[in-house]
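Reading through the C-alpha cells given below for one structure.
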Protein chains: 2
Amino acid sequence: MQATAFSPHDHTHCISSAISHAQSLCANRGVRLTPVRQRVLELVWQSHQPIGAYELLASLAKEGFNSAPPTVYRALEFLSDQDLLHKLESVNAYVGCCNPDTPHQGHFLLCQICHQAQELDSQYITLALKLSADQHGFEIQHHTIEIVGTCQGCLDKSKTPESVL
Amino acid sequence: MQATAFSPHDHTHCISSAISHAQSLCANRGVRLTPVRQRVLELVWQSHQPIGAYELLASLAKEGFNSAPPTVYRALEFLSDQDLLHKLESVNAYVGCCNPDTPHQGHFLLCQICHQAQELDSQYITLALKLSADQHGFEIQHHTIEIVGTCQGCLDKSKTPESVL
DNA sequence: TTGATTATTGTTATAATATAACATAACATG
DNA sequence: CATGTTATGTTATATTATAACAATAATCAA
Ligand SMILES: [Zn+2]
Ligand SMILES: [Zn+2]
Ligand SMILES: [Zn+2]
Ligand SMILES: [Zn+2]
C-alpha cells in the first residue's frame, strides 16, 4: 500500500507532474490554462494540505496578480470543471486532483493533525454507496465523502514519545 | 425497504415523535432543552429538507424570539452536541437526526429535485470506509458522507409524463 | 486585415455563512 | 441569600462566495 500524501516523498515531483499533466490535458481539451489558472493550480499543489480561497487570494496578491475574490473563484471553478482539483466541503478548501483524466468524485482522508488530505478511489466505497442508494431506489449523481481522522504518520509520532527517541 | 423522507408518510408524527424523544433524552442527560432550542429543533423538523441557519433565524424573528445569529448557532451547536441534528456540509444546512440515542455520523441521501434528505446508517458504507482507512493505516474519527442524486419518488414523477396522467 | 463573436479578466458591491467578545440574566446549589 | 454556572442578549466582525457590469484579449469567419 503506497499512500502518497501521508508518506515521505519527493513533493516537487507531485507539483511538476500535476502542472505538466494539466497543461497537456488542457491543450487536448482545447481549453486555456491561463497564467492565473495555472498559478492557482500550482498554489493548490504547494502541499497536500487543502487550501482556502482567501489564502490563495493572498498569495496571488503578493505576486502581483489581480486579487479580488472573483479572480480566484473563477480559477477554482475552471480547475474544478476540468477535474484538476476538488473542493473539500467539510473544510471549505481545495486540493489538487491526482487523476484528472477521468471525471470522478474522490473519497478523501483528512488528517486532523498534519492537515493533509489523501484522495482515494475506493471500489469498496463506490460499491457500498451504490448498494445503499439502490436499496432506496435512489439514483446517484455525485457525492461528498470526507473521512477525518489521524494518518499513519501522525499515529506513529504520537506513539513514539520524545523520551524514546 | 421503508424509506421515510422520500415516501409519503404522516409527517406530523415525525415532528411530535422527534420533539418528545428530544425532551426525554435531554431530561435523562441532565441538559436543558430550552424554549429557543426546542423551537429550533421543531423548525428543523418542519420538513425533511435541510434548513439553513439564516432561514431558522428569520422564523425565530417572526415568532418574537431573539434573532441574532449567535442565538441560532448556539441552539444548533447544542442540538448537534446532543445528536439531535446533523449539519449537511455540502449545502450548509441542518436536518433532524432520526436516531439521537446513539452518537453517530449519518450517511445522507439528498434529492436534488425535492431537496429532501434521508439519513442512512448503512453497514455497507461503514465497513467500506473502515476497510479503506485501514489500508492506509488511517484511524477514523468522523466523516461526512453526502450522496446527491434523485430519489425514487422524483424519478417516478419524471418517468410519468403529464400526458399519461 | 477587419470586424464580429466569444472567452477571459477587472472592478465594485454585496450576499451568505459563521464566530468573537463581552454584558446580562436565569438557574442551581449550599 | 450568596455563589458559581449555564444560558441568553448584544454588537461587531470574520469568513466564504457570488452578482452585475465594464473592459480586454483571443478566436475566427468573411
Ligand atoms: Zn506530494
Ligand atoms: Zn497526519
Ligand atoms: Zn417526516
Ligand atoms: Zn426527491
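The sequence lines fix the lettering, A, B, ..., with proteins before strands; numbering per chain opens at 1.
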**Study point:** Pair listing, ring-ring contact (aromatic ring centres under 6.0 Å, His included) test, anchored in residues 24-51 of chain A, at least two apart
**Key:** A:H9-A:H48, A:H11-A:H48, A:W45-A:H48
Review point. Can you list every ring-ring contact (aromatic ring centres under 6.0 Å, His included) pair that touches residues 89-109 of chain B, not counting sequence neighbours?
Key: B:H86-B:H104, B:H86-B:F108, B:H107-B:H143
In whole angstrom, give the distance that lies between atom [atom1] of [X] and atom [atom2] of [N].
| X | N | atom1 | atom2 | value |
| --- | --- | --- | --- | --- |
| B:R37 | D:dG9 | CZ | C1' | 14 Å |
| A:L33 | C:dT8 | CG | C1' | 13 Å |
| B:L56 | C:dA18 | CG | C1' | 14 Å |
| B:E77 | D:dT8 | CD | C1' | 14 Å |
| B:E55 | C:dA18 | CD | C1' | 17 Å |
| B:L57 | D:dT10 | CG | P | 13 Å |
| A:L60 | C:dG10 | CG | C1' | 14 Å |

The criterion is side chain to side chain contact (heavy atoms under 4.5 Å, CB included); which residues satisfy it with [X], sequence neighbours excluded?
| X | result |
| --- | --- |
| B:S90 | A:E89, A:T144, B:L110, B:E146 |
| A:T34 | A:R32, A:V36, A:R37 |
| B:L127 | B:L131 |
| A:Q152 | A:D156 |

Practice item. If a pair satisfies side-chain hydrogen bond (donor to acceptor under 3.5 Å, both in side chains) and one of its residues is in residues 73-83 of chain A, list it, with sequence neighbours excluded. Key: A:R29-A:Q82
Review point. To the nearest 10 degrees, how far apart in direction are the end axes of the helix from C:dT1-D:dA30 to C:dG30-D:dC1, each fit to five base pairs?
Key: 30°
Exercise for review: Using only heavy-atom distances, determine whether the side chains of A:E42 and A:Q38 contain a donor-acceptor pair under 3.5 Å.
Suggested key: yes
**Study point:** Phosphate contact (D:dT8 OP1 or OP2) by B:N66 side-chain N/O below 4.0 Å
**Key:** no
Compile the donor-acceptor pairs under 3.5 Å between side chains in residues 57-68 of chain B and protein atoms, sequence neighbours left out, one pair per line.
unit_1: B:S59; atom_1: OG; unit_2: B:E55; atom_2: O; d: 3.4
unit_1: B:E63; atom_1: OE1; unit_2: B:R39; atom_2: NE; d: 2.7
unit_1: B:E63; atom_1: OE2; unit_2: B:R39; atom_2: NE; d: 3.3
unit_1: B:E63; atom_1: OE2; unit_2: B:R39; atom_2: NH2; d: 2.8
unit_1: B:N66; atom_1: ND2; unit_2: B:T71; atom_2: OG1; d: 2.6

Check your understanding: How would nucleotides 19-27 of chain D be written as a contact map, 5' to 3', with B for base contact, S for sugar-phosphate-only contact and - for no contact, using protein heavy atoms under 4.0 Å?
Key -> BB-----S-
Check your understanding: Quick one: salt bridge (charged side-chain N to carboxylate O under 4.0 Å, His left out) pairs with a partner in residues 103-119 of chain A, sequence neighbours left out?
Key -> none
Check your understanding: B:L56 and B:L84: same hydrophobic cluster, using ILVMFWY side-chain contacts below 4.5 Å?
Key -> yes
Between the protein and nucleotides 15-17 of chain D, list every N/O to N/O distance that falls short of 3.5 Å.
unit_1: D:dA17; atom_1: OP1; unit_2: A:K87; atom_2: NZ; d: 2.4
unit_1: D:dA17; atom_1: OP2; unit_2: A:Y73; atom_2: OH; d: 3.0
unit_1: D:dA17; atom_1: OP2; unit_2: A:Y94; atom_2: OH; d: 3.3
unit_1: D:dA17; atom_1: O5'; unit_2: A:Y73; atom_2: OH; d: 3.4
unit_1: D:dA17; atom_1: N7; unit_2: A:Y54; atom_2: OH; d: 2.5
unit_1: D:dA17; atom_1: N6; unit_2: A:Y54; atom_2: OH; d: 3.3

